[in-house]
Chemist: 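Please find one structure pasted underneath; my questions will follow.
For this chain, numbers begin at 1 and follow the sequence in order. Order of appearance sets the numbers: ligands from 1, and atoms from 1 within every ligand.
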Amino acid sequence: MDTQVAARISTEDGLPFYLPQGNEVALFEHAHRHRLPMLIKGPTGCGKTRFVQYMAARLGRPVYTVACHDDLTAADLVGRHLIGDAGTYWCDGPLTRAVREGAICYLDEVVEARKDTTVVLHPLTDDRRILPIERTGETLQAPPGFMLVVSYNPGYQNLLKGMKPSTRQRFVAASFDFPAPEQEQAVIQGETGIDSRRAGLLVRLAGALRALKDHDLEEAASTRLLVYAATLMQGGFDVREACRAALVEPLSDDEDTITALMEVVDASL
Ligand code: ADP
């Protein structure tokens, strides 16, 4: 396996690479020990998914990740009857599997899911910790290892999609943001093996692009995109073109905005 890929997947201790931003590791460990569900808020590409993968590995639990979307129903989480050669059979959804196995279930962008999902999440997120499966008549008691983790990006929220306070109040919550410059540089270097000079340049460029965020763009240049840019550079791509492909084109379709962003890139090089 090539060493850059290896660095991305695991560190020396065998855990996924994750650089903590604050006290989130301790918070997650406490929440898991005390059987509390956790809510993570933050912009896309700031490390939420990586954090959950890291914590799952650290705690030795499997993790089931579900990218929620507006057609995702309770049945997608819990399971459904399928038709096979031998007739119908029950197939667990990822939430049910996680409960049975005492795993971590991570619902990414949970506010996107259909509202009927709250019916299955509520009894799992209070002290009952049960999952009633209406269609099979079973009621599963979540074992101690099970933990529900959900995330959403408050920036995307609208009145219809916001999380109801009655749901939100069932979780311990943490806010994530893009890492501070020094940390972000360490993340880019840790992920790609790029030298500190070019990693530093990317972080400064991100700062300049993020300062434009509220004016022209719906989304800020994320840590994920900086990692992509560094990966292209490490592969021998020209710096300017790497920035265009990873930091400019993904953020806008508007020609004028793209030109303005490239001016920011050129000023930073
Ligand atoms: P999110 O789930 O918030 O959209 P991800 O967890 O997928 O974002 O993070 C995107 C990428 O950014 C990761 O694949 C990783 O390369 C990098 N990353 C961001 N923050 C960190 C961090 N604190 N430690 C290690 N890698 C990070």
Chemist: Under a 4.0 Å threshold between the charged nitrogen and the carboxylate oxygen, would Arg128 count as salt-bridged to Asp126?
Modeler: yes
Chemist: Record the part of Val227 in heavy-atom contact with ligand 1 below 4.0 Å; permitted values are side chain, backbone, both and neither.
Modeler: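 It is the side chain that touches ligand 1; the backbone stays farther off.
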Chemist: Looking only at distance, does Tyr18 have an N or O less than 3.5 Å from an N or O of ligand 1?
Modeler: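 The answer is no, given that Tyr18 and ligand 1 share no N or O pair closer than 3.5 Å.
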Chemist: Tell me which part of Val187 gets within contact of ligand 1: side chain, backbone, both or neither, using heavy atoms under 4.0 Å.
Modeler: side chain
Chemist: Tell me if a side-chain donor or acceptor on Arg129 pairs with a main-chain N or O of Phe146 at a distance below 3.5 Å.
Modeler: yes
Chemist: So, 4.0 Å and heavy atoms of Gly42: is ligand 1 close enough to count as a contact?
Modeler: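 Per 4.0 Å heavy-atom rule, Gly42 does not contact ligand 1.
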Chemist: Test your reading of the structure: does Phe51 have an N or O sitting under 3.5 Å from an N or O of ligand 1?
Modeler: no
Chemist: Do any N/O atoms on Cys46 end up under 3.5 angstrom from N/O atoms on ligand 1?
Modeler: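 Min N/O separation from ligand 1 is below 3.5 Å for Cys46.
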Chemist: Quick test of your reading of the model: are Asp70 and Arg114 salt-bridged, counting only N-O distances below 4.0 Å?
Modeler: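 The answer is no: the pair does not qualify as a salt bridge.
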Chemist: Would you mind listing which atoms of ligand 1 come within a distance below 4.0 Å of any non-hydrogen atom of Thr44?
Modeler: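 Near Thr44, the atoms of ligand 1 are 4 (O).
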Chemist: List ligand 1 atoms under 4.0 Å from Glu191, heavy atoms only on the residue side.
Modeler: 15 (C), 16 (O)
Chemist: By number and element, which atoms of ligand 1 are closer than 4.0 Å to a non-hydrogen atom of Arg50?
Modeler: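 What qualifies from ligand 1 is 6 (O), 13 (C), 14 (O), 15 (C), 16 (O), 26 (N).
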Chemist: Report the residue from Met38, Lys41, Met163 that forms a side-chain contact (heavy atoms from CB on, under 4.5 Å) with Val150.
Modeler: Met163
Chemist: Within the structure, does Thr49 bring an N/O atom to less than 3.5 angstrom of an N/O atom in ligand 1?
Modeler: yes
Chemist: Applying side chain to side chain contact (heavy atoms under 4.5 Å, CB included), run through Leu247 and Val265 and close with a yes or a no.
Modeler: CA-CA 9 Å; Leu247 295 174; Val265 170; 5.7 Å; no
Chemist: Quick one: list whatever passes ring pair (Phe, Tyr, Trp, His ring centres under 6.0 Å) with Phe176, sequence neighbours left out.
Modeler: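 Phe51.
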Chemist: Show the atoms of ligand 1 that are less than 4.0 angstrom away from any heavy atom in Phe17.
Modeler: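 Those of ligand 1 that fall under 4.0 Å from Phe17 are 25 (C).
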Chemist: Nearest non-hydrogen contact with atom 19 (C) of ligand 1 belongs to which option: Ala230, Ala67, Gly47?
Modeler: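 The residue whose heavy atom sits nearest atom 19 (C) of ligand 1 is Gly47.
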Chemist: Here's a test for you: under side-chain contact (heavy atoms from CB on, under 4.5 Å), which of Thr117, Thr118, Leu39, Leu121 qualifies with Thr167?
Modeler: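 It is Thr118; the other options fail the test.
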Chemist: Give the single entry among Arg224, Glu109, Glu24 that approaches atom 12 (O) of ligand 1 most closely by any heavy atom.
Modeler: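 The option holding the nearest heavy atom is Arg224.
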Chemist: Run the salt-bridge test on Arg224 and Glu219 with the 4.0 Å N-O cut-off and return the result as yes or no.
Modeler: no
Chemist: Determine, stepwise, if the pair Tyr18 / Glu24 fulfils side-chain hydrogen bond (donor to acceptor under 3.5 Å, both in side chains).
Modeler: CA-CA 11 Å; Tyr18 178 71; Glu24 70 272 24; 2.5 Å; yes
